[in-house]
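Since the structure comes first, as structure tokens, the remarks are kept for the end.
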Amino acid sequence: MSDNLDNSELYDEYDTPEIIEGANIIRLGQSLLKLKNSLEYARQEAEASIQNAEVMDKTEIVAEAQSILLSVKVLQQKMQNPHIQEWMAAEEEIPF
């Protein structure tokens with residue numbers, strides 16, 4: 001390797017298709033895990049909002065929060081898709 005390579009040449013040399021694919025797999029898995037965690041947080045907050053609105057007898061807010069909660073639960077069920085589960089698991093298995 002020559003001492004007078006610029007950074008782009010070094011980047012190209014080490015940026016093999018395998019490394020690019022591995023990095024993409026990790027990014028996808030990480031984003032799916034973040035989405036899963038965000039949905040869990042949204043579920044918890046929707047449930048808390050329902051309880052708080054019920055205490056205040058705010059039926060219109062209870063209804064909207066229940067609708068949001070239902071949507072979150074549907075999305076959480078979609079996250080159980082085997083393909084999504086596989087990609088989330090892959091993020092943890094890539095040896096770097």
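Below, each value reflects all heavy atoms present in this structure, side chains not excepted, and no hydrogens, waters or symmetry copies.
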| query | Does a side-chain heavy-atom distance below 4.5 Å link Asp57 with Thr59? | reply |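 Yes. Closest side-chain heavy atoms under 4.5 Å.
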
| request: Using a 4.5 Å cut-off on heavy atoms from C-beta on, say whether the side chain of Arg43 contacts that of Glu47. | output: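 SC-SC contact between Glu47 and Arg43 confirmed.
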
About how many Å separate [atom2] of [Y] and [atom1] of [X], when rounded to the nearest 0.5 Å?
X: His83; Y: Leu32; atom1: NE2; atom2: CG; value: 13.0 Å
X: Gln77; Y: Leu39; atom1: CD; atom2: CG; value: 11.5 Å
X: Lys34; Y: Met88; atom1: NZ; atom2: CE; value: 14.0 Å
X: Ser38; Y: Gln76; atom1: OG; atom2: CD; value: 10.5 Å
X: Leu28; Y: Leu33; atom1: CG; atom2: CG; value: 9.5 Å
X: Leu75; Y: Leu70; atom1: CG; atom2: CG; value: 9.5 Å

| said: Quick check: closest heavy atoms across Lys78 and Ile84, and the distance to 0.1 Å? | reply: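 Distance-wise, the nearest heavy atoms are O-CD1, 3.6 Å.
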
| task | Can you see which heavy atom on Val62 is nearest to which on Ile50, and at what distance? | result |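 Nearest pair, atom of Val62 first, then Ile50: CG2-O, 4.0 Å.
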
| query | Applying the 4.5 Å side-chain criterion to the ILVMFWY set and letting contacts propagate, would Ile61 and Val72 be lumped into a single cluster? | reply |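 They do not share one cluster, since no chain of ILVMFWY contacts under 4.5 Å joins Ile61 to Val72.
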
| said: Would you say CD of Glu54 has more than 12 non-hydrogen atoms from neighbouring residues, nucleotides or ligands within 6.0 angstrom? | reply: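 Enclosed: over 12 neighbouring heavy atoms sit under 6.0 Å from CD of Glu54.
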
| said: Is it true that Gln44 and Glu40 share a donor-acceptor pair across their side chains at a distance under 3.5 Å? | reply: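 A pair is found: one side chain offers a donor N or O, the other an acceptor, under 3.5 Å apart.
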
| request: Sort out for me which residue in Asn24, Ile19, Ile25 forms a side chain to side chain contact (heavy atoms under 4.5 Å, CB included) with Glu21. | output: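 Going through the options one by one, the only one that passes is Ile25.
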
